[in-house]
Amino acid sequence: MCKYNMSQFKALKSIVVHSGVFHADDVFTVAYVQMLRRYFGLSLLKVIRTFKVADFMTIENGYLVADIGKGDFDHHFPDVEKKRRADGVPYAAFGLVVKEFHDGFLTEEEYKILDRKLIEPTDYHDNSGNGNALSFAISIFNKNWDDDDPNNDPKFFEAVEVATTILEKFIENVRSFAKAQDIAKQQVIEGNAIYMDKYAPVNEFFADDPKVLYIGSPSLRGTYQILTVKDPCGVAKKLFPERIRGISYPDGVYDQDGLSFCHPSGFMASFRDKETAKRYIEKLSKEDEESA
């Protein structure tokens, strides 16, 4: 349950984060808050970077204090006092802010996906110091350790601009991913496969389903494509047999089974049409049953 509401968010005037060396956590926090302000048609917040949070800097007075100050949006506490997700990963400022303020901007499903794909890894890095390529990329906007030029300031606001672009693309991806998830829920399993009439990236949603080994959809080349489904570890649950791997006919040419192409690694094959593909998958399933 959220402690604050969007009315309080809309009344904010400033966001306060720590000064000095910055990290992906505080940079993405500022990027997200300003993005949310633009989404609701509000003026951008004044960004205050400081080492000391004054007593008057409260939400009630229009200040959102994050990643500093020991308040609701800070995470610099002993390990046992950190707020954690259900999987045990502690929140950092980025996660705490987005968790609190996303109503009317992200659906709950979109929020969960964004948290899993972007926010949780960023929070984990900030809490643990463990490697994270994106967090490192944001950190390089700080001054290098051997840069003694007093005129070279840390590029905090440049980092925020980069983080904003990344965040925008992530949210676009998340919304597309959520649509694919809805499509996946509507699919009917036929034997050990799903045959779609239009491509959607649903493979991931069947990783844990032992019944689904193949997913088919029309390809851009006018054929009907069958992809093998990967398990949660990214390993194909079932590959096409070695006897057809590497087959590749010119466009419009098919073998006696309607096959036009099979990737050399066996994870994908193309057929004349959906019905041809179905018959071939049924044939493979029968072969597996007979050899069992």
Side-chain angles (χ1 to χ4, degrees), residues 6 9-10 12 15 17 22-45 47 64 66-67 73 75 85 87 89 91-128 130-142 154-185 198-207 215 217 219-220 227 230 232 234:
M6 291 307 297
F9 177 85
K10 292 177 181 180
L12 292 172
I15 179 168
V17 293
F22 52 84
H23 311 99
D25 178 34
D26 42 310
V27 170
F28 270 108
T29 297
V30 172
Y32 176 79
V33 167
Q34 302 291 43
M35 177 184 294
L36 202 55
R37 300 286 295 184
R38 285 191 290 270
Y39 178 79
F40 287 115
L42 305 170
S43 59
L44 298 185
L45 299 183
V47 179
L64 177 63
D67 210 31
F73 303 106
H75 65 109
R85 297 166 172 82
D87 62 4
V89 176
Y91 288 96
F94 186 27
L96 292 168
V97 168
V98 180
K99 183 175 184 291
E100 192 73 19
F101 299 115
H102 63 267
D103 186 41
F105 177 54
L106 299 170
T107 67
E108 284 307 305
E109 190 60 39
E110 290 168 350
Y111 162 68
K112 290 175 184 177
I113 298 169
L114 183 65
D115 188 67
R116 185 176 78 249
K117 286 177 170 281
L118 172 64
I119 305 171
E120 183 172 321
T122 305
D123 283 5
Y124 179 74
H125 170 80
D126 201 87
N127 276 296
S128 67
N130 288 346
N132 177 301
L134 178 56
S135 295
F136 173 75
I138 294 297
S139 73
I140 63 175
F141 284 85
N142 284 287
K155 303 298 189 289
F156 178 82
F157 291 101
E158 288 184 22
V160 170
E161 287 182 17
V162 171
T164 298
T165 299
I166 293 170
L167 187 53
E168 287 172 348
K169 297 306 294 182
F170 256 100
I171 290 174
E172 286 179 17
N173 180 266
V174 160
R175 287 178 171 150
S176 176
F177 188 84
K179 290 179 185 176
Q181 190 171 48
D182 289 339
I183 291 171
K185 293 174 182 177
K198 182 180 180 181
Y199 171 78
V202 301
N203 199 309
E204 179 177 335
F205 306 112
F206 296 97
I215 293 178
S217 65
S219 74
L220 295 176
L227 291 171
K230 296 178 181 179

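Keep in mind it's a predicted model, so treat the numbers as computed, not measured.
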In sequence, state the C-alpha distance, the side-chain angles, and the governing distance for Asp67 and His23, and then conclude on side chain to side chain donor-acceptor pair (under 3.5 Å).
-> CA-CA 10 Å; Asp67 210 31; His23 311 99; 5.1 Å; no
Considering residues, nucleotides and ligands other than [X], do more than 12 of their heavy atoms fall under 6.0 Å from its [atom1]?
X: Asp182; atom1: CG; result: yes
X: Ile140; atom1: CD1; result: yes
X: Phe156; atom1: CZ; result: yes
X: Phe40; atom1: CZ; result: yes
X: Lys230; atom1: NZ; result: no

For the side chain of Asn142 and the backbone of Phe22, is there at least one donor-acceptor N/O pair under 3.5 Å apart?
->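 Between the backbone of Phe22 and the side chain of Asn142 there is a qualifying donor-acceptor contact (under 3.5 Å).
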If you round to the nearest 0.5 Å, how far is [atom2] of [Y] from [atom1] of [X]?
X: Ile166; Y: Glu168; atom1: CD1; atom2: CD; result: 10.5 Å
X: Tyr32; Y: Ile119; atom1: OH; atom2: CD1; result: 7.5 Å
X: Gln181; Y: Lys112; atom1: CD; atom2: NZ; result: 9.5 Å
X: Asp115; Y: Phe94; atom1: CG; atom2: CZ; result: 9.0 Å
X: His125; Y: Asp123; atom1: NE2; atom2: CG; result: 11.0 Å
X: Arg38; Y: Ser43; atom1: CZ; atom2: OG; result: 12.0 Å

Residue pair Asn132 / Tyr124, side-chain donor-acceptor N/O under 3.5 Å |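 Tyr124 and Asn132 do not have a side-chain donor-acceptor pair below 3.5 Å.
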Is the closest side-chain donor-acceptor distance between Asp25 and His75 under 3.5 Å?
->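 Yes, a side-chain donor-acceptor pair sits under 3.5 Å.
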Show the numbers, then the answer: is there a side-chain contact (heavy atoms from CB on, under 4.5 Å) between Leu64 and Thr29?
-> CA-CA 11 Å; Leu64 177 63; Thr29 297; 5.7 Å; no
Among Leu44, Asp26, Val97, Val47, side-chain contact (heavy atoms from CB on, under 4.5 Å) partner for Ile15 =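 The single option meeting the side-chain contact (heavy atoms from CB on, under 4.5 Å) with Ile15 is Val47.
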The single option from Tyr39, Phe9, Tyr111 passing ring pair (Phe, Tyr, Trp, His ring centres under 6.0 Å) against Phe105 |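 Single ring pair (Phe, Tyr, Trp, His ring centres under 6.0 Å) partner of Phe105 among Tyr39, Phe9, Tyr111: Tyr39.
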So do the side chains of Val160 and Gln34 get within less than 4.5 Å of each other, counting heavy atoms only?
->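 The answer is no, as the side chains (C-beta and beyond) never meet within the 4.5 Å cut-off.
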Report yes if some heavy atom in the side chain of Glu109 is under 4.5 Å from a heavy atom in the side chain of Ile113; otherwise report no.
->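 When only atoms from C-beta onward are counted, Ile113 and Glu109 do touch, with a gap below 4.5 Å.
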Kindly say whether the aromatic ring centers of Phe177 and Phe170 come within a distance under 6.0 Å.
->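 So the answer is no for these two rings.
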